[in-house]
2 protein chains.
Amino acid sequence: MASDMETITYKNTKGRQAILAFLRKSDYPVTAVKIYNAAKKEGINFSTVYRCLNFFVGKGLIHKEVSPDHVSLFSLASHPDKHVIVCLKCHKRVEIEGCPYEEANKALEKGTGFKIVDHNAEIYGICPECQKKASE
Amino acid sequence: MASDMETITYKNTKGRQAILAFLRKSDYPVTAVKIYNAAKKEGINFSTVYRCLNFFVGKGLIHKEVSPDHVSLFSLASHPDKHVIVCLKCHKRVEIEGCPYEEANKALEKGTGFKIVDHNAEIYGICPECQKKASE
DNA sequence: CTAGCTGCAAATCCTTTGCAAGAAA
DNA sequence: TTTCTTGCAAAGGATTTGCAGCTAG
């Protein structure tokens with residue numbers, strides 16, 4: 001009798017451990033390059049980093065998004081769904097408390113009949129400091 | 001006396017006209033490839049397409065976003081900021097009237113001091129039809 | 001005429017892949 | 001052992017760039 005839940009089994013390798021460990025310490029989504037820089041200390045290759053990353057993304061353990069400059073950003077799926085505003089000038093990132101879109105999404109569910117499973121928001125702007133600099 | 005509004009001047013070339021014309025007819029953000037396919041009938045080169053696109057993006061006339069598969073999507077900045085919900089099962093896309101996050105973003109500006117310039121939201125869920133199928 | 005565009009081809013950046021060797025279970 | 005993973009190097013796709021020739025203003 002087959003389980004309807006796909007059994008998630010995989011080999012526990014140095015590379016996968018290193019990647020997961022690094023991601024656990026990361027507060028923000030990080031690039032593959034950063035992950036690689038951490039992983040290469042363990043002798044892990046760049047393609048392995050990508051392969052592990054995609055493996056975990058497929059398993060739903062890691063969340064992947066694409067930044068405006070075409071770079072993939074990875075984060076643990078278990079991390080709370082933090083949103084950030086990114087400053088387009090200085091690239092500072094500021095975390096947002098809670099999800100500002102939760103209510104809007106509930107309204108959307110009612111309006112569309114969709115059951116919303118996931119959402120991903122990137123918010124870009126100019127931070128107070130850069131606004132000040134620009135006006136000087 | 002200098003205007004505080006940057007004067008937007010540029011040469012009116014065949015390539016730029018073609019790109020703008022094509023974008024005016026497009027309801028959704030489109031890839032550079034699609035734009036190129038339209039523009040090449042006028043003998044426009046691929047690099048020119050990209051160069052014009054980036055030129056207009058810099059001028060604020062065209063909006064650029066990146067899709068999850070790392071492809072740039074372009075749309076006229078004057079087009080309303082349409083969001084869509086994508087069904088995770090059948091990949092159907094449903095347009096959302098207006099921007100559900102407009103109010104939330106205003107609150108965010110107040111809360112963070114950021115001047116929000118752009119935002120990008122991907123909303124994923126299960127559409128009514130697929131929900132029904134799943135429960136049968 | 002002259003600054004600003006364009007075409008072409010080569011380059012770059014991020015990411016993926018084929019294949020043989022290596023390691024977990 | 002057997003299957004899954006890795007390293008390496010090469011390929012791939014999207015986007016950018018250098019440079020010389022072209023063109024709108």
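Per chain, numbering begins at 1; letters A, B, ... match sequence-line order.
As a whole-Å value, the separation of A/Asn45 CG from D/dT5 C1' is 12 Å. Across the protein-nucleic acid pair, A/Phe55 atom CZ and D/dT6 atom P stand 9 Å apart, rounded to whole Å. Whole-Å rounding puts the A/Ile35 CD1 to C/dC14 C1' distance at 14 Å. A/Lys59 places its NZ atom 12 Å from the C1' atom of D/dC4, with the value rounded to the nearest Å. The interatomic distance linking B/Glu42 (CD) with C/dT6 (P) rounds to 13 Å, in whole Å. We find that CG of B/Asn54 is positioned 15 Å from C1' of C/dT6, with the value rounded to whole Å. Look at CG on B/Leu53: it is 15 Å from C1' on C/dT6, rounded to the nearest Å. The separation between B/Ile19 atom CD1 and C/dC5 atom P is 13 Å, rounded to whole Å.
B/Phe46 and B/Tyr36 have parallel rings, their planes meeting at less than 30° on a 0 to 90° scale where 60° marks the start of perpendicular.
Of the two residues near DNA chain C, A/Phe74 and B/Phe46, the one whose nearest nucleotide lies more 5' is B/Phe46. Across the interface with DNA chain D, nearest-nucleotide mapping of B/Thr13 and B/Leu73 shows B/Leu73 to be the residue nearer the 5′ end.
With distances taken from any side-chain atom of B/Lys11 to the nucleotides C/dT6, D/dA24, D/dC4, the minimum falls on D/dA24. For A/Tyr10, the side-chain atoms get nearest to D/dT5 when compared with the rest of D/dT5, C/dT6, D/dT16. Considering only the side chain of A/Lys64, C/dT16 comes nearest among C/dC5, C/dC14, C/dT16.
Of the side-chain N and O atoms in A/Arg51, none sit less than 4.0 angstrom from OP1 or OP2 of D/dT5. The phosphate of D/dA24 (OP1 or OP2) has no side-chain N or O of B/Asn12 nearer than 4.0 angstrom.
Here the closest non-hydrogen pair linking B/Gln17 and B/Asn12 is NE2-ND2, 3.0 Å. A/Ser75 and A/Pro29 make their closest contact through CB-CA, 3.9 Å (heavy atoms, listed as atom of the first residue, atom of the second, distance).
Within the nucleic acid shown, B/Thr31 has no heavy atom closer than 4.0 Å to any nucleic acid atom.
By the 6.0 Å contact criterion, CD on A/Glu103 is open, its count of non-hydrogen atoms from other residues, nucleotides or ligands being 12 or less.
Checking B/Ile19, B/Ile35, B/Val49 one by one against B/Ile44, the side-chain contact (heavy atoms from CB on, under 4.5 Å) holds for a single residue, B/Val49.
Between the side chain of B/Ser47 and the base of C/dA9, at least one donor-acceptor pair of N or O atoms lies under 3.5 Å.
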